[in-house]
Amino acid sequence: MGLKEVSSDYTVSLHYDRRLYRQDIEGSIAHARMLAKQEIIEHADASAIVDGLSRIREDIESNEFPWRPEHEDIHMNIELRLHELIGEPALKLHTARSRNDQVALDMRMYMKEIISETLNALHGLRRSLVQLADDNTEVVMPGYTHLQRAQPVLFAHHMLAYFEMFGRDQLRFQQAYERADVMPLGSGALAGLPYPLDREFVRRELGFAQISDNSMDAVSDRDFMLDFLSAASICAMHISRFAEELVLWSTDEFDFVRLSDDYTTGSSIMPQKRNPDFAEIARGKTGRVYGNLFGLLTILKGLPLTYNRDLQEDKEGLFDTVDTLIPTLTIFADMLSKMSLNKTRLLDAAQGSYVLATDIADYLVSQGVPFREAHRIVSALSQDLAAQGRQFHELTLEEYKKSSPFFDADVLKITVESSVSARNVPGGTSFESVSGAIIAAKAQLEGKNRA
Ligand code: ARG
């Protein structure tokens, strides 16, 4: 490539900002109507503009639009084409507008749409989680700390932990929506405009909650994109933690779940393998989602007010996050609905590894033994058992009594189920508390928290 080609391509954004064609056209239609209403342009000119723009929208959607990269961006492509189609009136569309407030408007309209889509996808994922919990209310599994088996928990409780995380993500996306819901048109290049504009009219036409309060901020602010990108990063982090668990759980070593064939692939060389590719790729894609957040933070750092062309670089990373996150959420919702549990294996794992040790220590506490002392007794007991390759439930009462006279027949009633049932605090893993949580989760999904 010679200097001539590289430098003429260098500033072009059309290949990615053409995604904004609908927003650009809708924004221009509202602007033209307002100009006519305020008698800044003729009504006939505004009608010609609106008709021409509608025709352009149809041409783009039927792939008949003559895209011209030499016109740099989506805004110029549409405006120059409008001139070809309707002539003179097209030259009046850009009255009282700058590409700086125009692109800010387009991006805000785009963000609102995309955040609504994200919220829908997130809602679908949360629905799958609740369904999975509800279908498996009796399944006990080991809960982990330090990736060591710690205490028995309900599988449903584990799923609802993710329901909570994605619920906070939902709130963050709703807040990002509110930040985006501000109409910047009327700010001009930076200082406002010397025309009798009706900004409120444009706001209403385009369905925004409010108009921007400061023209300099309005053309240089990209915080609303950062809000989305950071909510997306946190959400991707949650997905990635979950993906990691699914990868682990579907190994022969864990063997807790089986992912549907739709979401695993065979190895090209090892016939027995069913690799959890979708979960792995989701975990991997978290990197680019974080990267896009850092990309925009870095673009904005040190930018003087107001608009600078650097801001054109705000879009590709954002679009990439959109194209990454929404499919990931949609895939996870379906992957979970098709995942099957190895319940016997989950129960065996919950019964192994002395996960009842805390309960047995708590039992001694109920018999009047101070907790630290109870801890010491049960710790010694589980080490003995481990040396003999035995489990708590294989111990006789006599054997228990040898380690402490405070043990009584009731200790034999401690099982993973009794351990789970005992944790009946609000937010705990008891059957009762988790059924309550499932009911609450369903109500939340039905309720007005809906996007
Ligand atoms: N393509 C530009 C962007 O995305 C549009 C605004 C251009 N404004 C300007 N003064 N050159 O930011």
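Just so it is clear, the structure is predicted and the values come from calculations on it, not from any experiment. Read the numbers this way: they start at 1 and go in the same order the structure lists the ligands and their atoms.
For ligand 1, the polar-atom distance check against His75 finds no nitrogen or oxygen pair separated by under 3.5 Å. The distance criterion of under 3.5 Å between nitrogen or oxygen atoms is met by Asn100 with respect to ligand 1. Every N/O-N/O distance between Arg222 and ligand 1 stays at or above 3.5 Å.
If you check which protein heavy atom lies closest to atom 2 (C) of ligand 1, you get Gln312 OE1, 3.3 Å. Looking from atom 12 (O) of ligand 1 to the surrounding protein, the closest heavy atom is Tyr307 OH, 2.4 Å. Nearest protein heavy-atom contact of atom 11 (N) of ligand 1 is Arg99 NH2, 3.7 Å. The nearest protein atom to atom 5 (C) of ligand 1, hydrogens excluded, is given as Asp73 OD2, 3.6 Å; this is a heavy-atom distance. For atom 4 (O) of ligand 1, the closest non-hydrogen atom of the protein is Lys315 NZ, 2.5 Å.
In this structure, Arg258 and Arg274 have side chains that are in contact, with non-hydrogen atoms separated by less than 4.5 Å. For the pair Arg55/Arg81, a side-chain contact is recorded, criterion being any heavy-atom separation below 4.5 Å from C-beta on. Counting heavy atoms from C-beta on, the side chains of Asp223 and Arg179 never come closer than 4.5 Å.
Of all the atoms in ligand 1, the ones that sit under 4.0 Å from a non-hydrogen atom of Ser13 are 1 (N).
Annotation: Tyr110 is in aromatic contact with Phe319 [ring centroid separation under 6.0 Å].
In this structure, Lys112 is positioned above the aromatic face of Phe208, its NZ or CZ under 6.0 Å from the six-membered ring centre and within 45° of the axis.
Using modelled atom types, one finds no donor on one side chain facing an acceptor on the other under 3.5 Å when comparing Arg172 with Ser230.
A perpendicular orientation is assigned to the rings of His158 and Trp249, their planes being inclined by more than 60° (bins at 30° and 60°).
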